[in-house]
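Please read the structure below before turning to the comments.
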There are 2 protein chains.
Amino acid sequence: MTRTYKSDVSASLHELASDLHEVGLIDKATMRHFDESCLTPIHEFTAEDIRKLREREQVSQTIFAAYLNVSKDSVSQWERGQKQPAGPSLKLLSLVERKGLSSIA
Amino acid sequence: MTRTYKSDVSASLHELASDLHEVGLIDKATMRHFDESCLTPIHEFTAEDIRKLREREQVSQTIFAAYLNVSKDSVSQWERGQKQPAGPSLKLLSLVERKGLSSIA
DNA sequence: CAATATATAGAACTTAGTTCTATATATCAA
DNA sequence: TTGATATATAGAACTAAGTTCTATATATTG
């Protein structure tokens, strides 16, 4: 199964870098840049994007909201372009986009 | 590797329930209750909890913040009890707690 | 010494996220 | 048919999360 390959590699790489850091072979700045370069870049989501994403996962706004731990009204507002998801919400939407709803169950 | 077993099961179960729903064998209400019962319950995090969690992952506030897609100041405020993480932030903290930082890379 | 990483502290600001009510359909069971 | 529920839109009002900024302090590193 290749589905979790990426995160396992990330975990291993981080552990290696972390160990190298502890032993003093790489400094904190390098460690920081390493970590940040590992992070999947996060993009904006249009109202349309969000609705498509939710429909791809075949769930109602209520269920989608429950997965993200936000209110159903928030999801509704996102999909109508009345509110823009920010910070941590964008992160969760990115995770769902890349790894599916069940990855954040 | 057992690390992703849980989410694979979740995915499969959701797909099965989803198919049963499409075929009309279970209604939307049941589908909703099914999905919500699948979600890992989310609890509050004290300032201490968050600091411990971050230290377990061996990263600075800055890096931790980058993973969650929040500002470093927010993490600092959480750890000092000045602000309480809410909704989507709590969800991300729960994911990190259960599956590790790399699971949300 | 100078520069950077890390973390605390506090203040001011913006707006995301919540909650509430109302409206409208569709589905489903009695 | 009727009543109850699921789903979704709409708008208003409120709270506080999250952001950004500045200042301070310490430790580390070139």
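- Taking the ring pair (Phe, Tyr, Trp, His ring centres under 6.0 Å) definition, one finds that A/His43 meets it with A/Phe45, sequence neighbours left out.
- With sequence neighbours left out, A/Lys52 forms a salt bridge (Lys or Arg N to Asp or Glu O under 4.0 Å) with A/Glu48.
- With sequence neighbours excluded, the residues satisfying side chain to side chain donor-acceptor pair (under 3.5 Å) with A/Arg80 are A/Ser76.
- Residues that satisfy the side chain to side chain contact (heavy atoms under 4.5 Å, CB included) test with A/Thr62, not counting sequence neighbours, are A/Ser60, A/Lys72, B/Arg32, B/Glu36.
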List every contact pair, protein side and nucleotides 24-30 of chain D side both N or O, where the distance is under 3.5 Å.
none

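- One interatomic measurement links the two molecules: CG of B/Leu92 to P of C/dA16, which rounds to 17 Å at whole-angstrom precision.
- A donor-acceptor pair is defined here as one N or O able to donate and one able to accept, closer than 3.5 Å; no such pair exists between the side chain of A/Arg54 and the backbone of A/Ala65.
- By the side chain to side chain donor-acceptor pair (under 3.5 Å) test, B/Gln61 pairs with B/Glu79, sequence neighbours left out.
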Open item on the list: Output one letter per nucleotide in nucleotides 8-21 of chain D: B when a protein non-hydrogen atom lies under 4.0 Å from the base, S when only the sugar-phosphate is that close, - when neither is.
Closed with: SBB-B----SBBBB
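- For B/Ser71, the side chain to side chain donor-acceptor pair (under 3.5 Å) test picks out B/Ser74, with sequence neighbours left out.
- Within the 4.5 Å cutoff, no side-chain heavy atoms of B/Leu53 are placed close to those of B/Ile50.
- Going from atom NE2 of B/His14 over to atom CD1 of A/Ile63 covers 7.5 Å, rounded to the nearest 0.5 Å.
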Hey, can you pull the donor-acceptor pairs under 3.5 Å for the side chains in residues 82-96 of chain B, sequence neighbours left out?
{"from": "B/Lys91", "atom 1": "NZ", "to": "A/Tyr67", "atom 2": "O", "distance (Å)": "3.1"}
{"from": "B/Lys91", "atom 1": "NZ", "to": "A/Ile104", "atom 2": "O", "distance (Å)": "2.6"}
{"from": "B/Ser94", "atom 1": "OG", "to": "B/Leu90", "atom 2": "O", "distance (Å)": "3.0"}

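- Axis angle between the ends of the helix from C/dC1-D/dG30 to C/dA30-D/dT1, five pairs each and rounded to 10 degrees, works out to 50°.
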